[in-house]
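Computation of the quantities below employed the complete heavy-atom set of this structure, encompassing side-chain atoms and omitting hydrogens, waters and symmetry-equivalent molecules.
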Amino acid sequence: MRNYLAPIFALLLMCLPVAQAKTSPAASNVAVEARLVALSAELRCLVCQNESLASSRAPLAEDLRREVREQISAGKTDRQIIQYLTDRYGDFVTYRPPWNARTLLLWLGPLLLMLLGVGILLHNLRKKDRGDIHADVSGSSTPPDAALPTLAQLQREFEDKKDE
């Protein structure tokens with residue numbers, strides 16, 4: 001039995017560096033990995049959409065991380081890498097899209113919606129205030145002119161019944 005274990009163990013030891021090299025080719029460079037983590041946090045997974053590239057487990061995200069790692073190793077700056085990815089996949093790939101005509105509604109949309117909401121609220125408050133003034137006038141103790149003859153007749157009937 002001992003005769004079989006030694007060659008198997010030696011074979012496993014010989015395969016270990018090859019397996020390690022396939023799983024993480026640039027993992028030995030700490031600076032590259034730190035830049036990859038920082039850049040991946042700024043980039044969006046194209047499959048998961050609301051996950052960053054760093055946290056996504058999708059195969060496409062792994063491919064993009066590998067691409068970013070290769071570009072970092074090639075000496076490209078963060079801006080060049082992001083530009084490469086936006087040229088290839090559009091502004092959607094970044095969590096902070098650039099300020100341009102295509103993304104204008106994206107940047108100003110929430111502000112426009114808030115201004116619209118405040119405008120509708122102010123309009124309704126003014127309309128309600130005007131309605132309350134009319135309600136106060138109609139609720140006053142002065143009867144309208146059309147009700148005066150009826151009121152006079154009721155007062156006469158009341159006085160007649162009072163005298164009886």
Side-chain angles (χ1 to χ4, degrees), residues 5 7-142 144-146:
L5 288 178
I8 291 174
F9 186 70
L11 185 63
L12 286 175
L13 283 178
M14 288 174 28
C15 293
L16 187 62
V18 172
Q20 187 178 14
K22 275 191 170 185
T23 56
S24 57
S28 60
N29 192 341
V30 177
V32 169
E33 289 303 312
R35 276 188 63 197
L36 174 66
V37 169
L39 263 174
S40 296
E42 295 291 322
L43 299 170
R44 183 188 315 263
C45 175
L46 298 173
V47 176
C48 305
Q49 297 187 359
N50 284 332
E51 281 189 66
S52 70
L53 196 60
S55 64
S56 177
R57 297 284 178 218
L60 181 61
E62 290 180 21
D63 290 344
L64 285 175
R65 283 193 297 265
R66 187 176 329 112
E67 179 72 29
V68 169
R69 183 180 291 124
E70 287 173 6
Q71 290 194 11
I72 290 171
S73 297
K76 291 190 176 180
T77 64
D78 291 353
R79 176 173 270 187
Q80 289 172 329
I81 294 169
I82 289 175
Q83 185 62 43
Y84 169 78
L85 291 173
T86 53
D87 288 345
R88 194 169 179 184
Y89 299 108
D91 292 331
F92 181 75
V93 76
T94 61
Y95 271 118
R96 288 183 243 166
W99 181 268
N100 60 31
R102 287 185 309 171
T103 60
L104 192 63
L105 188 60
L106 178 70
W107 284 105
L108 296 178
L111 179 66
L112 292 175
L113 285 176
M114 187 181 79
L115 290 175
L116 180 69
V118 168
I120 289 172
L121 177 69
L122 289 176
H123 175 73
N124 285 339
L125 288 175
R126 287 183 183 159
K127 188 177 175 182
K128 184 179 178 184
D129 284 344
R130 278 186 249 134
D132 286 344
I133 291 171
H134 295 297
D136 287 342
V137 170
S138 66
S140 66
S141 61
T142 308
D145 293 337

Engineer: In the structure I gave you, are the side-chain heavy atoms of L108 and W99 within less than 4.5 Å of one another anywhere?
Structural biologist: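 Yes, close enough: below the 4.5 Å cut-off.
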
Engineer: Taking all non-hydrogen atoms of both residues, which atom of S40 and which atom of S52 are closest, and how far apart?
Structural biologist: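 That closest heavy-atom pairing would be O-CB, 3.6 Å.
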
Engineer: Between CD of Q71 and CZ of R35, what distance do you get to the nearest 0.5 Å?
Structural biologist: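 Result: 10.0 Å between the selected atoms.
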
Engineer: Quick check: does any side chain N or O of R44 sit under 3.5 Å from a backbone N or O of F92, one acting as donor and the other as acceptor?
Structural biologist: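 Here the side-chain-to-backbone pair exists.
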
Engineer: Between V32, I82, I81, which is the residue that forms a side-chain contact (heavy atoms from CB on, under 4.5 Å) with V68?
Structural biologist: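 That would be I81.
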
Engineer: To the nearest 0.5 Å, what is the distance between CD1 on I120 and CG on L115?
Structural biologist: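 Between atom CD1 of I120 and atom CG of L115 there are 11.5 Å.
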
Engineer: Can you measure from CZ (R130) to CG (L125) and round to the nearest 0.5 angstrom?
Structural biologist: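 Those atoms lie 11.0 Å apart.
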
Engineer: Distance only, no hydrogens: is a donor on one side chain within 3.5 Å (strictly under) of an acceptor on the other, for E33 and N29?
Structural biologist: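 Short answer, no.
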
Engineer: If you count the non-hydrogen atoms of other residues, nucleotides and ligands that lie under 6.0 Å from CG in L105, is the total more than 12?
Structural biologist: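 It does not: L105 CG has 12 such atoms or fewer within range.
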
Engineer: Which heavy atom of A58 sits nearest a heavy atom of S56, and at what distance?
Structural biologist: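 Between these two residues, the closest heavy atoms are N-OG, 3.2 Å.
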
Engineer: Search all heavy atoms of L43 against all heavy atoms of Y95 and return the closest pair with its distance.
Structural biologist: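 Between these two residues, the closest heavy atoms are O-CE1, 3.6 Å.
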
Engineer: Report the distance from atom CG of L60 to atom CG of D63, rounding to the nearest 0.5 Å.
Structural biologist: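 CG of D63 is found 6.0 Å from CG of L60.
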
Engineer: Compare all side-chain heavy atoms of L85 with those of L64 and state whether any distance is below 4.5 angstrom.
Structural biologist: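 The answer is yes; the side chains approach within 4.5 Å.
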
Engineer: Evaluate the side chain to side chain contact (heavy atoms under 4.5 Å, CB included) criterion for residues L39 and L53: first the C-alpha distance (whole Å), next the side-chain angles of each, then the deciding distance (0.1 Å), finally the verdict.
Structural biologist: CA-CA 8 Å; L39 263 174; L53 196 60; over 6 Å; no

Engineer: Distance check, rounded to the nearest 0.5 Å: L36 atom CG versus D78 atom CG?
Structural biologist: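 Here the rounded value is 10.5 Å.
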
Engineer: I would like to know whether D91 and L106 meet side chain to side chain contact (heavy atoms under 4.5 Å, CB included); could you show each step before the answer?
Structural biologist: CA-CA 11 Å; D91 292 331; L106 178 70; over 6 Å; no

Engineer: Q80 vs Q83, test: side chain to side chain contact (heavy atoms under 4.5 Å, CB included). Steps then yes/no.
Structural biologist: CA-CA 5 Å; Q80 289 172 329; Q83 185 62 43; 5.6 Å; no

Engineer: What's the spacing between C45 SG and E62 CD if we round to 0.5 Å?
Structural biologist: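 Answer for the SG-CD pair, C45 versus E62, is 10.0 Å.
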
